[in-house]
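One structure is given below, encoded as structure tokens.
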Amino acid sequence: MIELIDRHKLKTALRHMGTEHLRDRYKDRWTPDRPTTGYCYVVTEVLFHFLAPEGYQPHVMVTGGDDTHWFLKGPDGDVIDVTDDQFDYELDYSQGESRDLRTKELSIGGRVLADLLSLTTPIR
């Protein structure tokens, strides 16, 4: 698995964001000990717009019930997922499907996270 960002810095930024930018169904699951919980989409969009190598695309998979999990996958099958620590089990990334992000521009949460990580110039 490829690491594009320092996970410690990411977790610090997500702790600062707290639950404000989470969908309601994830707010009661989020904790400072697991600050990536519920933030997979926001993190994926920030990585895609600012750091992902050419050819990497957003993917989403169902992880149970209505829950989904977003990550990036490259043309050679390499996965970028820095929010996988929210799960107590190994994810089967082959279950993911390529999807466009929900919006062309960063979400509000994505803009906040990019600012906290000092990411200023999108590459796409």
Is atom CG of D100 surrounded by more than 12 heavy atoms (other residues, nucleotides or ligands) closer than 6.0 Å? no

Can you tell me how far apart [atom1] ([X]) and [atom2] ([Y]) are? Round to the nearest 0.5 Å.
X    : Y    : atom1 : atom2 : answer
K9   : S118 : NZ    : OG    : 8.5 Å
L72  : Q57  : CG    : CD    : 8.5 Å
W30  : L22  : CH2   : CG    : 8.0 Å
D6   : K11  : CG    : NZ    : 10.5 Å
I108 : H21  : CD1   : NE2   : 7.5 Å
F50  : T121 : CZ    : OG1   : 7.5 Å

Under a plain distance cut-off of 3.5 Å, with no hydrogens placed, do T83 and D81 share a side-chain donor-acceptor pair? yes

side-chain contact (heavy atoms from CB on, under 4.5 Å) assessment of V43 paired with V82: CA-CA 8 Å; V43 171; V82 295; 3.5 Å; yes

Do H69 and F87 have ring centres separated by under 6.0 Å? yes

Kindly determine whether D67 and V62 satisfy side-chain contact (heavy atoms from CB on, under 4.5 Å), including the steps that lead there. CA-CA 6 Å; D67 291 344; V62 175; over 6 Å; no

Heavy-atom side-chain contact between [X] and [Y] under 4.5 Å:
X    : Y   : answer
I123 : H49 : no
Y39  : M17 : yes
Y89  : T63 : yes

Check: [Y] main-chain N/O paired with [X] side-chain donor or acceptor under 3.5 Å:
X   : Y    : answer
Q86 : G38  : yes
R99 : V60  : no
Y41 : R102 : yes
E45 : S107 : yes

Verdict with supporting geometry, L113 and L10, side-chain contact (heavy atoms from CB on, under 4.5 Å): CA-CA 8 Å; L113 181 58; L10 174 66; 4.1 Å; yes

Answer yes when [X] and [Y] have at least one side-chain N-carboxylate O distance shorter than 4.0 Å, and no when they do not.
X   : Y   : value
D33 : R15 : no
D66 : R23 : no
R7  : D84 : yes

Provide the closest heavy-atom pair for T120 versus P122 in the form atom of the first, atom of the second, distance. O-CD, 3.5 Å

Taken in chain and number order and not counting sequence neighbours, the residues that satisfy ring-ring contact (aromatic ring centres under 6.0 Å, His included) with H59 are F71

